[in-house]
Structure formats: C-alpha cells, structure tokens
Amino acid sequence: MLKEKIAEIKTKSFAEIEKTASEQMLYDVKVKYLGRKGKLTEILKNLKNLDEKKRKTVGALANRIRMEIENAIAKHGREMSEKVDWEKEAIDVTLPGKKQELGHLNPITLVQRDIEKIFTSMGFEIADGPEVELERYNFDALNFPKDHPARDMQDTFWVKSKKESLVLRTHTSPVQIRYMEKHKPPLRIVAPGRVFRNEATDAKHEHTLHQFEALMVGDDISVGNFKYIAQQFFTIFFGKETQIRLRPSFFPFTEPSFEFDISCSICGGKGCRTCKQAGWIEIGGAGMVNQNVFAAAGYPKNKYQGFAWGFGLERLAMMKYKIDDIRWIESGDLRFIKQF
Ligand code: DAH
C-alpha cells in the first residue's frame, strides 16, 4: 500500500514539476510534496509506526524518491532560467526613477514658522490655547462688558454646552489669560493659532483665520519696547526696513489701545494699489495691557505693566507671497498650494 502511494507521489509530482512555468510555481510544488506538511514528508514522519522490516524498505524508498523529486525540481529550475531571454528581462538602471510627489506647506504654516523663529530668537516663548474656548476666557477675563457688541451672535460662533458657555475663539487674546494664570512676570510670549468669526466671505474676509498674539509683561515694559520689537520683527519678516505707525483705538483689554499699521511692503510707503495709495497697511491691534486683565489672571493691580498685540497671519501671508484673494488660503486647491 505505502509503496504504491510513494510511487503515485513520484508520478504526480514529476508531472506537476514539468508543468511549472515560474519560480513561484516550482516552489509551491516543492512545498506540496516536501514541505513541513508535504505529502512525502507525512509518510516519512509516520515511519516510526511501522514494524522494523517495513520501516527499512519503505524508509529507503521514500528517501530515494525524495532525492529524485529534489533533483527534478532543481533540474527544471535550471531549464527555466536557461530559457529566459536575459537581454529582454534586464533592467536599465540608468533610466530616471519615478518622482514621488512631495506635499506642500500652506503659506499660513510658512508664515507661522517664520514668526516662531524670529520671536524665539528674541527670547519669546511660544504659547497655545484651545480653539473651542470658554466664553469667560474669550470675553469676560479680557474685560469685555456683558453687553459689548463683539459678543453678538453676528461675529461669534457659539457652541452648545450644558456647563460653561463655550465659543469658537474669536481671537488669540484668551491665551494671554491662560498663560498668565500659570506664570508670573517677567514674561514674553507669542501665541499663533486659528480663530473663527461669523463673516460673510469675500476677497478680504474669511470665517476661519489665523492670528498671532504677543504679550510682554514686566515691571516697566513700555510702548517703546513694543514699537522696537514690532519694528524688528517686521523688518526681519519682510527682509527690508519696515516702518510702523500707531493710531489711537479702543480694545477693552488694553489701555491705551492702538491700531497698528506698517509701511507698505510693496511700494515701501510711496503709495500703490495694494495700500490704496496710503503707503500704510493696517495689520492689527495692540496696546498696554489693561489692569483689569491682570486682575482677571490673578495678578495684583498696578504692580506690572506690559504690551500685547494681535495680528492677522493671513494679511502677512498675502503681503509676503502676493496672494490677491484670502479665500485661496483655505481652499485646498492644489493649483494654489503647489506654488509654495
Ligand atoms: N484681539 C483683537 C482682535 O482680534 C486684536 C488685539 C488688539 C489683540 C489689541 C491684542 C491687543 O492683544 O492688545 O481684534
């Protein structure tokens, strides 16, 4: 019985070897008969159950067939490789490879990285806060009266909440409070991040924006420090001498408050289309931190003084990279993003 089975294994395996047309097929046949669970291997494994005489004869036969199958496989493998047309199969290693497309950084990310680099070189720390913010941090602690129009449904996205009232932060200023609650002066931080406003969008307005907040507090930080640092920053950022101009303004969280302009980076202040012939471009708001804000963060009143500002990243990116419509920035359009 066993001898016939072995003979059958031999004929079948030989026929299968002859038919194989690839290394893989040949390997599969090898596994089928000689592998760990192969047909011939099974027989060899079971030899130990036979009586001594049978074990000898069947064992010798099975081992011989094993050798024969191995030889047949090796021979067929050689024959296959002789048939290969190596000229045709050869790979031309001098051909150029397929280029892998790399991703591109959004201009906002590029501007944010510039800002972080310039400010850390001036000893500023980078701070962060949540995009879904407590109304308390976004408004109350920043000295917004309860009925201030900026809280209006018109420019704030409110978030339904069972506990404390939440908003999508409308500016990066709440980071000031979060940071001061945990740190004592002297301190200097920048806080870049995303902010949200319920805006009707057009070439100049978006609902999702980026700002960067700066805050520097100590015993005697003055408007002079602010002007110097701002001027340094813009000069390095645009790579050319930039003038700054402050105009009186109002923000609940600063006293005095300023509207902040820089000399137009396109015409250098002479007047052009970008600056509407004014020579100046409005960049954001700034001021000396209101003592009520220090108090909300847990500092004693009238002990410290410092400046703060909030500038729009989009405006800076649009000037630096000459982008004519703010909606490109969040568009996800590859034609736009591939330029950076
Ligand atoms: N948070 C203000 C806004 O989004 C900008 C701002 C103005 C920030 C004055 C400041 C500041 O830190 O001092 O309109």
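Counting starts at 1 for both ligands and their atoms, in listed order.
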Between the side chains of D140 and K146, is the shortest nitrogen-to-carboxylate-oxygen separation below 4.0 Å, so that they form an ion pair? yes

Atom 12 (O) of ligand 1 has as its nearest protein heavy atom E213 OE2, 2.6 Å

Which residue holds the protein heavy atom closest to atom 7 (C) of ligand 1, what is that atom called, and what is the gap in Å? G285 C, 3.3 Å

Atoms of ligand 1 under 4.0 Å from any heavy atom of Q176, numbered from 1 in the order shown, are 12 (O)

Using a 4.0 Å heavy-atom cut-off, which part of R197 comes near ligand 1: side chain, backbone, both, or neither? side chain

Ligand 1 to S173, heavy atom cutoff 4.0 Å, flagged ligand atoms 1 (N), 8 (C)

N or O contact, T170 vs ligand 1, cut-off under 3.5 Å: no

Is it true that K53 and D51 make a salt bridge, defined as a side-chain N closer than 4.0 Å to a carboxylate O? no

On the ring face of F237, is K320 found with NZ or CZ under 6.0 Å from the centre and within 45° of the axis? yes

Calculate, to the nearest 0.5 Å, the distance between atoms CZ and NE2 belonging to R197 and H171 respectively. 7.5 Å

What residue and atom, counting heavy atoms only, is the protein's closest point to atom 1 (N) of ligand 1, and at what distance? H171 ND1, 2.8 Å

Which of these passes side-chain hydrogen bond (donor to acceptor under 3.5 Å, both in side chains) with H210: E314, R315, R194? E314

Could you say whether the N/O atoms of Q211 and ligand 1 ever approach to under 3.5 Å? yes

Let me see the working for Y299 and Y304 under ring pair (Phe, Tyr, Trp, His ring centres under 6.0 Å), right down to the final yes or no. CA-CA 8 Å; Y299 292 174; Y304 301 113; 5.4 Å; yes

Between R66 and E70, is there a salt bridge with N-O shorter than 4.0 Å? yes

With backbone taken as N, CA, C and O and side chain as the heavy atoms from C-beta onward, which portion of W309 lies under 4.0 Å from ligand 1: side chain, backbone, both, or neither? backbone

Taking only heavy atoms of G287 into account, list the atoms of ligand 1 that are under 4.0 Å away from them. 13 (O)

Near F251 (heavy-atom distance under 4.0 Å), the atoms of ligand 1 are 7 (C), 9 (C)

Could you identify the single nearest non-hydrogen protein atom to atom 8 (C) of ligand 1 and state the distance to 0.1 Å? G310 N, 3.2 Å

So, regarding A308 and ligand 1 (criterion: nitrogen or oxygen to nitrogen or oxygen, under 3.5 Å), is there a contact or not? yes

Ring pair (Phe, Tyr, Trp, His ring centres under 6.0 Å), that's the test. Do F124 and F233 meet it? Break it down for me. CA-CA 12 Å; F124 280 66; F233 165 69; 9.9 Å; no

Heavy-atom closest pair (K303 atom, Q291 atom, distance to 0.1 Å) is N-OE1, 4.3 Å

Closest approach of any protein heavy atom to atom 11 (C) of ligand 1, naming residue and atom: F253 CE1, 3.4 Å

Salt bridge check, E133 against R178: does any charged N sit closer than 4.0 Å to a carboxylate O? yes

Under 4.0 Å from any heavy atom of T254, which atoms of ligand 1 are there? 13 (O)

Cut-off 3.5 Å, side chains only: do E213 and Y179 have a donor facing an acceptor? no

In ligand 1, the atoms that come under 4.0 Å of a heavy atom of A286 are 7 (C), 9 (C), 11 (C), 13 (O)

With a 4.0 Å cut-off on heavy atoms, is G284 in contact with ligand 1? no

